[in-house]
Amino acid sequence: MENSGKFKRILVTAALPYTNGDIHLGHIAGAYLPPDMYVRYLRLAGYNVVFICGSDEHGTAIEMSAIKEGVSPQVIIDKYHFANKKAYEDLGIKYDIYSRTSTETHKKTSQDFFKVLNDKGLLYQKTEKQLYSEKEKRFLADRFVIGTCPVCGFEEARGDECENCGSALSPLELKNPRSTITGDTPVVKESTHFYFPLSKFQAMLEEWINSKPDWKPNVVNYCKGWFKTGLQDRAITRDLDWGVPVPLEGYDGKVIYVWFEAPIGYISITKELFEQEGNPEGWKDYWCKDDTKLVHFVGKDNIIFHAIFFPAMLMAHGDFVLADNVPANEFLNFEGGKLSKSRGHSIAVKDAVSRFNPDSVRYALATSLPENKDTDFYWKDLQAKNNNELGAILGNFVNRTFVFAEKYFEGTVPAAGEYKEIDSIIINSIKSYSSSIASYYENYKFKDAVSETMNLVRDANKYFNDTEPWKAVKEDIARCGTIINTCLQLCRSFAVLFYPVLPFSSEKLFRMLNISSEGETWESAAELKLHAGHKLNKPEILFRKIEDSEIEQ
RNA sequence: GGCGGAUUGGAGCAGCUGGCAGCUCGUCUGGCUCAUAACCAGAAGGUCAAAGGUUCGAAUCCUUUAUCCGCAACCA
């Protein structure tokens, strides 16, 4: 619906996680759960969609982690690549492909991209003075230099800014500079780098973003802030060992800047996906045709790269589609503090899923997504949402329905007789709910989509109460059958409508209903597909209660 | 200091092209008893951070202040 209509296919990307740490719930809420829900919805709704992600594995930070731990960068990226891949799987975040930027395909794709821009004469070179460590035989990135602040005299000022007085600094301004890695004194040495003329693309970018009225205000505001300052050209190469080498003679020891090369990963990973599927040219449909809708899901820290820098690169290159939307989220804070590993304010995905039902984690995050502003996440919220909403509203409705079918109808679907008005109302409401929920998904309003889905279950519980099947079972068994039939049909609707947010429970519900989830569509959620006499499986508890003691940890 | 964002009942959030202040949870009361002591109904609870301004009318627009957060281009 909406503007999906003019597109033949949708390519959804989730921000490539930087592979020097475990992903945590803040990342999930910001950039991974929303696209997973979006894609699951789109598939049910019948769209042609590809969902890709992968590890971002190059750059200064990874090389420095490797040096500090005394291992090769490969050890670092392997460790976190596989750990993060598993974390996504554990949470039910299901990509069509989860690859990485250390592949040959990616190396070639980003080098080709670089060469196209260079051959077009768009790039230029500039020589600048930089600090160089003779002992380590490397140029030092700003943040790996400390020294005495020329403004306030603070002796531990970092190369990019002084934490004491807040002055923005360049490492060349520091007095008595030294490497944070070895402590030795660097020398000033010249180095030549390629620059991307971002400033020349400002007008085109502004026009492009102005043509996107459906973008979230927070994203547009971010971009406008950058435009106001004026975009500056960016160096797109670095003096570093760990990365994609500059594909030209005479540039040994230089690699393509990770933020130039990483988003090209979206293209190379799409290529890999289609290669695996035996259709090596298939990726072009998704990247080179105007009727592809490209959507980048990112956290707000990545807006600059996905809404400004990467689009400018694509404009410069010329062969590729630009993003239709960048529905970036804000940050999710934990227990009232910033999510940061150093302050112990982060929850790694692996710690959350080892304790709780992944669907409970997904639901708790989905209902407090930082869509418009930073939000807070508390363990007790997860407990409350699991117990009071998933358990008491959804799980309990399913359970009370199944227990009736089990006890009074031999575990089968009873026949539906004549419908009364109250039955018709709830049955018709499934259709209106499914279309309003769909509209929320299409417009990236995931919190609203989830709470709207739960509202249908609230209505279902009211229906159960108002029709009083526990009385009907004694007075009018046929009437009771009609009610329980309706409730079972509702359960099937829930299995479809909750699939985007609660995939594991949805599957469980399909099993309990003894039907396959294969071939289910969003449209079918409103159909009454369970036939009288259909045998049900034994009911199971969908969401077990989380005790206080589990939360106190 | 500059730029951008935020501040709404006990908690977490929505509302912000200006028009009686909403949702979920929690609390209190009542109903029901099929069900994971779950479900349903009703109620209480907010001078929308503060001050000033525009307007017939402001949570919403403007100015100032306070607090918090992000950005500031070689971390990604």
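Lettering follows sequence order; numbering is per chain, from 1.
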Using a cut-off of strictly less than 4.0 Å, decide whether [X] has a side-chain nitrogen or oxygen near OP1 or OP2 of [N].
{"X": "A/T229", "N": "B/C71", "value": "no"}
{"X": "A/K300", "N": "B/G5", "value": "no"}
{"X": "A/R234", "N": "B/C74", "value": "yes"}
{"X": "A/Y463", "N": "B/C40", "value": "no"}
{"X": "A/K471", "N": "B/C34", "value": "no"}
{"X": "A/K380", "N": "B/G26", "value": "no"}
{"X": "A/R544", "N": "B/A38", "value": "no"}
{"X": "A/K447", "N": "B/C23", "value": "no"}
{"X": "A/N399", "N": "B/A38", "value": "no"}

For A/I303 and A/W226: C-alpha separation, side-chain torsions, deciding distance, then whether side chain to side chain contact (heavy atoms under 4.5 Å, CB included) applies. CA-CA 11 Å; A/I303 291 173; A/W226 282 89; over 6 Å; no

For [X] and [N], what is the distance between atoms [atom1] and [atom2] respectively, to the nearest whole Å?
{"X": "A/L456", "N": "B/U24", "atom1": "CG", "atom2": "P", "answer": "15 Å"}
{"X": "A/E389", "N": "B/U36", "atom1": "CD", "atom2": "C1'", "answer": "15 Å"}
{"X": "A/N387", "N": "B/U24", "atom1": "CG", "atom2": "P", "answer": "18 Å"}
{"X": "A/M512", "N": "B/U36", "atom1": "CE", "atom2": "P", "answer": "12 Å"}
{"X": "A/W242", "N": "B/C75", "atom1": "CH2", "atom2": "C1'", "answer": "18 Å"}
{"X": "A/D56", "N": "B/C75", "atom1": "CG", "atom2": "C1'", "answer": "11 Å"}
{"X": "A/K216", "N": "B/C16", "atom1": "NZ", "atom2": "C1'", "answer": "16 Å"}

If we take the [atom1] atom in both [N] and [M], what is their distance in whole Å?
{"N": "B/U60", "M": "B/G52", "atom1": "P", "answer": "14 Å"}
{"N": "B/C39", "M": "B/C56", "atom1": "C1'", "answer": "48 Å"}
{"N": "B/A73", "M": "B/G18", "atom1": "P", "answer": "37 Å"}
{"N": "B/C13", "M": "B/U54", "atom1": "P", "answer": "35 Å"}
{"N": "B/C23", "M": "B/G46", "atom1": "C1'", "answer": "14 Å"}
{"N": "B/U27", "M": "B/A11", "atom1": "P", "answer": "15 Å"}
{"N": "B/A14", "M": "B/G5", "atom1": "P", "answer": "16 Å"}
{"N": "B/U33", "M": "B/U17", "atom1": "P", "answer": "48 Å"}

From [options], pick the nucleotide closest to the side chain of [X]?
{"X": "A/I541", "options": "B/U36, B/A73, B/U24", "value": "B/U36"}
{"X": "A/Y195", "options": "B/C74, B/A76, B/C71", "value": "B/C74"}
{"X": "A/F543", "options": "B/G5, B/C71, B/U36", "value": "B/U36"}

Polar pair under 3.5 Å, donor/acceptor by atom type, side chain A/Q130, base B/C74: yes

Is any N or O donor-acceptor pair between the side chain of A/N465 and the base of B/C39 shorter than 3.5 Å? yes

Taking 4.0 angstrom as the limit, do A/E69 and A/K79 come out as a salt bridge? no

Close side-chain approach of [X] to [Y], heavy-atom, < 4.5 Å:
{"X": "A/F404", "Y": "A/W470", "value": "yes"}
{"X": "A/H296", "Y": "A/F310", "value": "yes"}
{"X": "A/L536", "Y": "A/L513", "value": "yes"}
{"X": "A/K420", "Y": "A/R479", "value": "yes"}

Base, sugar-phosphate, or nothing: which does A/D381 touch, judged by heavy atoms less than 4.0 Å apart? nothing

Students often get this wrong, so: under 4.0 angstrom with heavy atoms, is A/L140 touching a base, only sugar-phosphate, or nothing? nothing

Residue mapping more 5' on RNA chain B - nearest nucleotide basis, A/S451 or A/P370: A/P370

Heavy-atom nearest nucleotide on RNA chain B taken for A/K545 and for A/Y222; more 5' hit belongs to A/K545

Provide the Watson-Crick or G-U wobble partner of B/C68, both distances under 3.5 Å; none if there is no partner. B/G5

Plane angle bin for A/F498 and A/F494 - parallel if under 30°, tilted between 30 and 60°, otherwise perpendicular: perpendicular

Residue set satisfying side-chain hydrogen bond (donor to acceptor under 3.5 Å, both in side chains) with A/T367, at least two apart, ordered chain then number -> A/K385

